[in-house]
*Asks:* 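If you scroll down you'll find the structure; I have some questions about it.
Please read these numbers as outputs of a predicted model, since none were measured by experiment.
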Amino acid sequence: QLKSATYLIPLRDNEVLLSRRFKTGWMDGMYSLIAGHLDGDETVHEAMIREAFEEAVIVVKKEDLIPATAIHRKSSDAEYVDFFFVVKTWEGEIIIGEPDKCDDMTWYPLDNLPENLLPHVREALENYKNGMAFSASGWES
């Protein structure tokens, strides 16, 4: 079954905001982006706006979401289509909105990302830096 998720790439200068997974039951201790599955009956933009508020307590406007890249990936548990958006402006101060799922939010230089970054998030950030609109991964036998 195909699943879809949306990811926010908040940028300030040459830094990206990353959040560390905590007590989620999947890839805990790894850094990711503000992200979440589409719940159904919502657009990708609506899902991204919802997730930004839930996870970082910021208000993002649809017109400020810049499409960055998409990845069609196959993981050990499912097949995903992931949508990544850059945002450079938002309302509110970034704070951890779900401390039961995230124990750190830190700005990292795009050219000095942490080792413990989810592989598909690293791929998406590389895509963004290289101007690649789309990639596919995990399909190799």
*Asks:* Let me confirm one number: the CE-CZ distance from M48 to R50, rounded to the nearest 0.5 Å.
*Replies:*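 M48 CE to R50 CZ: 8.5 Å, rounded to 0.5 Å.
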
*Asks:* Determine whether L17 and L8 fall in the same hydrophobic cluster, where Ile, Leu, Val, Met, Phe, Trp and Tyr are linked whenever their side-chain heavy atoms lie under 4.5 Å apart.
*Replies:*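 Cluster IDs for L17 and L8 match.
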
*Asks:* L18 and M27: same hydrophobic cluster, using ILVMFWY side-chain contacts below 4.5 Å?
*Replies:*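 Same hydrophobic cluster.
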
*Asks:* Give me the atom names and distance for the closest heavy-atom approach of V81 to F83.
*Replies:*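 So the two residues come closest at CG1-CZ, 3.6 Å.
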
*Asks:* Check whether more than 12 heavy atoms from other residues, nucleotides or ligands sit under 6.0 Å from atom CD of E93, and answer yes or no.
*Replies:*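 Result for CD/E93: open.
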
*Asks:* F22 and P99: which non-hydrogen atoms are nearest, and at how many Å?
*Replies:*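 F22 and P99 have their closest heavy atoms at CD2-O, 3.5 Å.
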
*Asks:* Indicate the atoms forming the closest heavy-atom contact of E54 with E98, along with that distance.
*Replies:*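 So the two residues come closest at O-CG, 3.5 Å.
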
*Asks:* Indicate whether any N or O donor in one side chain lies under 3.5 Å from an N or O acceptor in the other, for T6 and E51.
*Replies:*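 No donor-acceptor contact under 3.5 Å links the two side chains.
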
*Asks:* Could you see if W90 belongs to whatever hydrophobic cluster contains V16? Use Ile, Leu, Val, Met, Phe, Trp, Tyr and a side-chain cutoff under 4.5 Å.
*Replies:*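 Cluster IDs for W90 and V16 differ.
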
*Asks:* Over 60° means perpendicular and under 30° means parallel, so classify the ring planes of H120 and Y7, tilted if in between.
*Replies:*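 Because their plane-to-plane angle is over 60°, the rings of Y7 and H120 count as perpendicular.
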
*Asks:* With no hydrogens and no angle check, is any side-chain donor or acceptor of D64 less than 3.5 Å from a backbone partner on V60?
*Replies:*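 No.
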
*Asks:* If two hydrophobic side chains count as joined below 4.5 Å and joins carry through other members, does I9 share a cluster with M30?
*Replies:*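 Yes, it is one cluster - the side chains of I9 and M30 are joined through contacts under 4.5 Å.
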
*Asks:* Restricting to non-hydrogen atoms, name the atom on L117 and the atom on Y31 that form the minimum distance, rounded to 0.1 Å.
*Replies:*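 So the two residues come closest at CD1-O, 3.4 Å.
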
*Asks:* Which heavy-atom pair separates I49 from K62 by the least distance, and what is that distance?
*Replies:*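 Shortest heavy-atom separation between I49 and K62 comes out as CD1-N, 3.8 Å.
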
*Asks:* First locate atom CD of E42, then atom NE2 of H37, and finally report the distance between them rounded to the nearest 0.5 Å.
*Replies:*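 Between E42 CD and H37 NE2, I get 12.0 Å after rounding to 0.5 Å.
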
*Asks:* Under the criterion side-chain hydrogen bond (donor to acceptor under 3.5 Å, both in side chains), which of H72, R73, K3 is the partner of D82?
*Replies:*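 Of the listed options, the one satisfying the test is R73.
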
*Asks:* Distance check, rounded to the nearest 0.5 Å: T24 atom OG1 versus D103 atom CG?
*Replies:*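 Separation between the atoms: 10.5 Å.
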
*Asks:* Of all the heavy-atom pairs spanning P10 and I34, show the shortest one and how long it is.
*Replies:*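 Minimum heavy-atom separation between P10 and I34: CG-CD1, 4.2 Å.
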
*Asks:* If you count the non-hydrogen atoms of other residues, nucleotides and ligands that lie under 6.0 Å from CG in D13, is the total more than 12?
*Replies:*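 12 or below, so no.
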
*Asks:* Measuring only between side-chain heavy atoms, which start at C-beta, is F84 closer than 4.5 Å to L33?
*Replies:*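 With C-beta onward as the side chain, the pair touches.
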
*Asks:* Can you tell me how far CZ of F53 sits from CD1 of I58, rounded to the nearest 0.5 angstrom?
*Replies:*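 Spacing of CD1 (I58) from CZ (F53) equals 10.0 Å.
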
*Asks:* Answer whether the closest heavy-atom distance between the side chains of R21 and L118 falls below 4.5 Å.
*Replies:*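 The answer is yes, as the side chains (C-beta and beyond) meet within the 4.5 Å cut-off.
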
*Asks:* Under a 4.5 Å side-chain heavy-atom rule over Ile, Leu, Val, Met, Phe, Trp and Tyr, are L11 and V87 clustered together?
*Replies:*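 In one cluster with L11: V87, no.
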
*Asks:* Can you find a heavy atom in the side chain of S137 that is under 4.5 Å from one in the side chain of I71?
*Replies:*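 Touching, per the 4.5 Å side-chain cut-off.
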
*Asks:* Strictly distance-based, threshold 3.5 Å: is any side-chain N or O of T69 a donor or acceptor partner for the main-chain N or O of M132?
*Replies:*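 Yes, the answer is positive, given that a donor and an acceptor are paired below the 3.5 Å cut-off.
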
*Asks:* Atom NZ in K74, atom CG in L2: separation rounded to 0.5 Å?
*Replies:*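 Reported to 0.5 Å precision, the distance equals 12.5 Å.
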
*Asks:* Does NZ in K129 sit with more than 12 non-hydrogen atoms of other residues, nucleotides or ligands closer than 6.0 Å?
*Replies:*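 Correct, the count exceeds 12.
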
*Asks:* What distance separates S32 OG from K101 NZ, expressed to the nearest 0.5 Å?
*Replies:*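 Going from OG on S32 over to NZ on K101, the span is 13.0 Å.
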
*Asks:* Side chains of S19 and E55: any donor to acceptor distance under 3.5 Å?
*Replies:*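 The criterion, which ignores hydrogens and geometry beyond distance, is not satisfied for S19 and E55.
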
